[in-house]
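Every chain is numbered from 1, with letters handed out A, B, ... down the list of sequences.
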Amino acid sequence: MALHLYNTLSGKIEEFRPLEDNEVRMYACGLTVYDYGHIGNFRTFIAIDVLHRFLVQSGYQVRHVMNITDVDDKIIRNSSRAAIPVKEYTAKFERAFLEDTITVNIEQPIFVRATDHIQEMAKFIAELESKGFAYRTEDGSYYFRIAKFPNYGKLSKRDFAGMEDGARVDVDEYEKDNARDFALWKSPKPGEAFWDTPIGRGRPGWHIECSVMSMETLGESFDLHAGGEDLIFPHHENEIAQSEALTGKPFAHFWFHARFLLVEGEKMSKSLGNFFTLRDLVLKGHKPSSIRYLLSSVPYRNQLNFTFDGLKQAATSVERLRNFWLRLTAANFSEGATATIVQLALETVQRMKSALEDDLNTAQAQAAIFDMVRKANAAIDNGEIRKDDVAPLLAAMDKFEEIFAVLKDDDVPKMKSILEWAKSAGREQDISNELLEIVQSGALSSEQVNHKVAEMEQARRARNFSKSDAIRAELAAAGIIVENTKDGVRWKRK
RNA sequence: GGCGCGGUACCCAAGUGGUAAGGGAGAGGUCUGCAAAACCUUUAUACGUGGGUUCGAUUCCCACCCGCGCCUCCA
């Protein structure tokens, strides 16, 4: 079997084959930086990241470009309201977005910024105009002429054939030839930000940036284009129209769309009060690893119901996996190997691979690792695991980690920096006690903890339990949990 | 109205034409100075409702009910 993905363009699950043998060129629509990224954004970005990571794991060279939209109507409006330049307005959110991608362990793509490509966009539009696909209106805006592009609608499966030029005229857009024609370039209204270009003053329409930047970085035809499901129409449909009108070649071959999530069973919206940015959740004391785990646990084409209960469950699940990893690395096993265990590890790797090859079925991949963990834990208890079994089991865990990226415990420093941000951004009132407690567990260095734990062990061996309990309590207060297992003592941060 | 997706145990959530993965939670037990971790057992006569096809359907078809998405900005 090989990787099979649902392709929005064909409406079917297809085998994914890159245009060039070993290289995958993919482009993803990133964030419009007029605000902080919310969990819906990150559900999509994590789905794309899982794809990226799995392609790498499958042996491909991956060239993954993600755009940052740093000019659009909302940005223009908000920045002019705040009376600050566009660039200054977006810089803050752009920085936050880049930090957030690191917070949830997104394998870094090549980021490209819309405002760095304005001149290329103008050139692109000029070429479209010379080929008759674009026209200029009286105010200096440019529109794409849909009637010239017969395939319009092929991605979103819409039929525009019945639409004649001028058949329906939108009163607000009286300058357009056809109501469906979309903006390539917008002339500035008084006071609005603009760029000077050979096609005049103005700013790009929403869709043009992705056509320009993807073709510039990946070529006229590339393998895969990704985004949230809402982008299918009009954004991606329009990108196809512009791009293929210009080049006459197929644009992206695969179209990958992640489904919207629900929050507590309802559509996320500010008015319902269930709208959360990534930072909101961390401030409430939720670990980035829990968030990532929950967001990746439901296959990307299924609706995911994001709940706080689910977030707690995710935290426990991650904990279970981390505990197993610790147990495996800490315990002393006898010499030799047990064939059934080695076999189990190999089967698990295979199960994960098959699951992910099946349109990235993350739920099944997770089920596979949990099956292994349960069986291996039981085997450890029964003394059936020996030294040479550890490496294959760890290898399976590593394969899992390469995709899901939740086992490595670096939550505390990440949460700490978000805590610092909150203080500097005037969000003190949103800092929860849970967050403070977790961050506090990072206060003691590992050396300090090791020292205390050794002291505690000494007291325990001397059966001085009042002293050992006192140390245990002291460490617990500092957010350190000490565990005495059959295999010896170990500790972890809360 | 057009196009599309889904309704599976207490919760989250896979999946299959032959009678239901996984996680969480609950209950009981083992281990343990305490705590934690771990393990074992247990928790869906059954997959929205009603029909149909079939030897057999949760899985296919039809209708209905409910939820969700796109059709204007939105991951």
Side-chain angles (χ1 to χ4, degrees), chain A residues 8 11 28-32 34-35 37-48 72-74 77 153 156-159 170 172-173 179 182 206 226-235 237 257-262 265-270 293-295 297-307 309-324 326-327 330-331 351 355 358 361-382 460 463-466 468-469 472-473 475-476 481-487 489-492:
Chain A
T8 309
C29 291
L31 195 70
T32 301
Y34 71 97
D35 200 353
H38 60 247
I39 53 176
N41 292 315
F42 285 101
R43 142 84 143 171
T44 296
F45 301 149
I46 287 170
I48 293 166
D72 85 326
D73 290 351
K74 260 180 241 151
R77 186 194 64 203
S156 54
K157 316 277 184 284
R158 275 157 225 255
D159 185 9
D170 185 326
D172 293 333
E173 306 282 4
F182 57 89
W206 175 30
E229 62 169 337
D230 58 311
L231 298 183
I232 296 170
F233 190 89
H235 185 53
E237 192 71 73
H257 294 100
R259 192 148 187 211
F260 268 23
L261 54 65
L262 257 39
E266 293 185 283
K267 182 174 178 171
M268 181 168 70
S269 76
K270 285 180 180 166
Y293 184 89
L294 178 56
L295 290 176
S297 63
V298 177
Y300 74 97
R301 287 202 297 132
N302 292 359
Q303 198 163 54
L304 181 157
N305 185 11
F306 189 98
T307 65
D309 190 42
L311 210 41
K312 265 188 235 143
Q313 296 181 9
T316 316
S317 300
V318 170
E319 201 54 35
R320 183 167 153 83
L321 295 175
R322 285 181 180 174
N323 282 329
F324 174 71
L326 281 175
R327 193 177 188 200
R351 268 181 76 190
D358 183 11
N361 193 329
T362 47
Q364 296 232 354
Q366 290 176 348
I369 204 75
F370 276 103
D371 273 337
M372 183 190 86
V373 167
R374 179 169 21 79
K375 287 175 186 158
N377 265 324
I380 295 176
D381 284 354
N382 298 333
R460 284 185 71 237
R463 303 193 70 76
N464 183 352
F465 294 125
S466 61
S468 77
D469 285 351
R472 185 192 293 284
L475 286 169
I481 298 162
V482 183
E483 298 172 354
N484 297 87
T485 72
K486 265 189 281 190
D487 308 316
V489 65
R490 71 180 192 208
W491 60 270
K492 61 190 180 190

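The interatomic distance linking A/Gln303 (CD) with B/rC12 (P) rounds to 12 Å, in whole Å. One can place CG of A/Asn484 at 17 Å from P of B/rC31, the figure rounded to the nearest angstrom. Per the geometry, CG belonging to A/Leu326 stands 10 Å off C1' belonging to B/rA37, to the nearest Å. Between A/Tyr300 atom OH and B/rA14 atom P the separation is 13 Å, expressed in whole Å. The nearest whole Å value for the distance from the CZ atom in A/Phe324 to the P atom in B/rA38 is 11 Å. Taking atom CG on A/Leu262 and atom C1' on B/rA13, their separation rounds to 14 Å, with Å as the unit. Put simply, CD1 on A/Ile481 is 18 Å from P on B/rC34, counting in whole angstrom units. Note: CH2 (A/Trp206) to C1' (B/rU72) measures 11 Å, nearest angstrom.
Counting non-hydrogen atoms under 4.0 angstrom, A/Asp469 reaches a base of the nucleic acid. Within 4.0 Å of A/His257, counting heavy atoms only, lies no atom of the nucleic acid at all. Counting any heavy atom pair closer than 4.0 Å across all strands shown, A/Asn302 reaches sugar-phosphate atoms only and no base atom. Residue-level contact check: A/Arg460 touches the bases, meaning some heavy atom is under 4.0 Å from a base atom. As judged by a 4.0 angstrom heavy-atom cut-off over every strand, A/Ser468 is placed among the base-contacting residues. Among the protein residues, A/Ile232 comes within range of no part of the nucleic acid, since none of its heavy atoms lies under 4.0 Å from any strand. Here A/Asp72 lies out of heavy-atom contact (under 4.0 Å) with every strand. Backbone-only contact: A/Ala378 has heavy atoms under 4.0 Å from sugar-phosphate atoms and none from a base. Residue contacts shown for A/Asp73 are absent, as no nucleic acid heavy atom lies under 4.0 Å away. When heavy atoms are screened at a 4.0 angstrom cut-off, A/Leu31 is found touching no nucleic acid atom at all.
Nucleotides B/rA13 and B/rG18, compared at atom C1', are 24 Å apart to the nearest Å. Taking the C1' atom of each, B/rC68 and B/rG51 are spaced 26 Å apart, rounded to whole Å. Rounded to whole Å, the P atom of B/rG22 lies 45 Å from the corresponding atom of B/rC73. Of the P atoms belonging to B/rA21 and B/rU41, the separation is 14 Å, rounded to the nearest Å. If you take atom C1' in B/rC71 and the same atom in B/rA46, they sit 39 Å apart, rounded to whole Å. On the C1' atoms, B/rC66 is 8 Å away from B/rG48, given to the nearest whole Å. Nucleotides B/rA14 and B/rU59 are separated by 14 Å at their C1' atoms, to the nearest Å. With both ends at atom P, the span from B/rC31 to B/rU16 equals 43 Å, rounded to whole Å.
Pairs engaging residues 369-380 of chain A under the salt bridge (Lys or Arg N to Asp or Glu O under 4.0 Å) rule: A/Arg351-A/Asp371, A/Asp371-A/Arg374 [sequence neighbours left out].
Comparing B/rA75, B/rA38, B/rA37 against the side chain of A/Arg327 picks out B/rA38 as the nearest. Candidate nucleotides B/rA14, B/rG33, B/rC68 were compared by shortest atom distance to the side chain of A/Arg259, and B/rC68 ranks first. The side chain of A/Thr485 sits closest to B/rA36 out of B/rC70, B/rA36, B/rG33. The nucleotide whose nearest atom lies closest to any side-chain atom of A/Lys267 is, among B/rA36, B/rC74, B/rA13, B/rC74.
Looking only at side-chain heavy atoms (C-beta outward), A/His38 and A/Leu31 stay at 4.5 Å or farther from each other.
With hydrogens and angles ignored, no donor-acceptor pair under 3.5 angstrom links the side chain of A/Arg301 to the base of B/rC5.
A distance of 12.0 Å separates OG of A/Ser156 from CG of A/Leu231, quoted to the nearest 0.5 Å.
Contact check on A/Lys270 versus A/Asp35 returns a salt bridge, with a Lys/Arg side-chain nitrogen under 4.0 Å from an Asp/Glu carboxylate oxygen. Using a 4.0 Å cut-off between charged side-chain N and carboxylate O, A/Glu483 and A/Lys492 make a salt bridge.
The residue among A/Lys157 and A/Asp358 whose nearest nucleotide of RNA chain B is located toward the 5' end is A/Lys157.
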Going through the distances and angles, do A/Val373 and A/Phe324 end up as a side chain to side chain contact (heavy atoms under 4.5 Å, CB included)? CA-CA 7 Å; A/Val373 167; A/Phe324 174 71; 3.7 Å; yes
Please assess A/Phe370 against A/Arg320 for the test side chain to side chain contact (heavy atoms under 4.5 Å, CB included), listing each intermediate value before the final yes or no. CA-CA 9 Å; A/Phe370 276 103; A/Arg320 183 167 153 83; 3.8 Å; yes
Evaluation steps, side chain to side chain contact (heavy atoms under 4.5 Å, CB included), between A/Phe306 and A/Leu311: CA-CA 8 Å; A/Phe306 189 98; A/Leu311 210 41; 3.9 Å; yes
Any chance you could lay out the side chain to side chain contact (heavy atoms under 4.5 Å, CB included) test for A/Ile232 and A/Thr8, step after step, and finish with the verdict? CA-CA 8 Å; A/Ile232 296 170; A/Thr8 309; 3.9 Å; yes
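At least one cation-pi condition fails for A/Arg460 and A/Phe465: the charged atom is not both under 6.0 angstrom from the six-membered ring centre and inside a 45 degree cone around its axis.
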Scan nucleotides 21-28 of chain B nucleotide by nucleotide, 5' to 3', and note B when protein non-hydrogen atoms come under 4.0 Å of the base, S if they reach only the sugar-phosphate, - if neither. BSBSS---
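Partners of A/Arg327 by side-chain contact (heavy atoms from CB on, under 4.5 Å), not counting sequence neighbours, listed by chain and number: A/Asn377, A/Ile380, A/Asp381, A/Asp487, A/Arg490.
Taking a pair as Watson-Crick or G-U with both hydrogen-bonding distances under 3.5 Å, the stems of three or more pairs touching RNA chain B are B:1-7 with B:65-71, B:10-12 with B:22-24, B:25-30 with B:38-43, B:48-52 with B:60-64.
Scanning all heavy atoms of the two residues, the minimum distance from A/Arg43 to A/Phe260 falls at NH2-O, 4.2 Å. A/Leu262 approaches A/Gln303 most closely through the heavy-atom pair CD1-NE2, 3.5 Å.
Side-chain N/O atoms of A/Asn361 include none lying less than 4.0 angstrom from OP1 or OP2 on B/rA14. Contact annotation: A/Asn382 does not reach the phosphate of B/rC39 (side-chain N/O to OP1 or OP2, under 4.0 Å).
Between the side chains of A/Arg301 and A/Asn361, no donor-acceptor pair is found at a separation under 3.5 Å.
Look at A/Phe260 and the base of B/rG69; the rings do not stack under the cut-offs of 5.5 Å between centres and 30° between planes.
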Exercise answer: donor-acceptor pairs, residues 362-369 of chain A side-chain atoms, under 3.5 Å, sequence neighbours excluded:
| residue | atom | partner | partner atom | Å |
| --- | --- | --- | --- | --- |
| A/Thr362 | OG1 | A/Ser296 | O | 2.8 |
| A/Gln366 | OE1 | A/Tyr293 | OH | 3.4 |

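If you check residues 39-47 of chain A against RNA chain B, the residues with a heavy atom closer than 4.0 Å are A/Gly40, A/Asn41, A/Thr44, listed by number.
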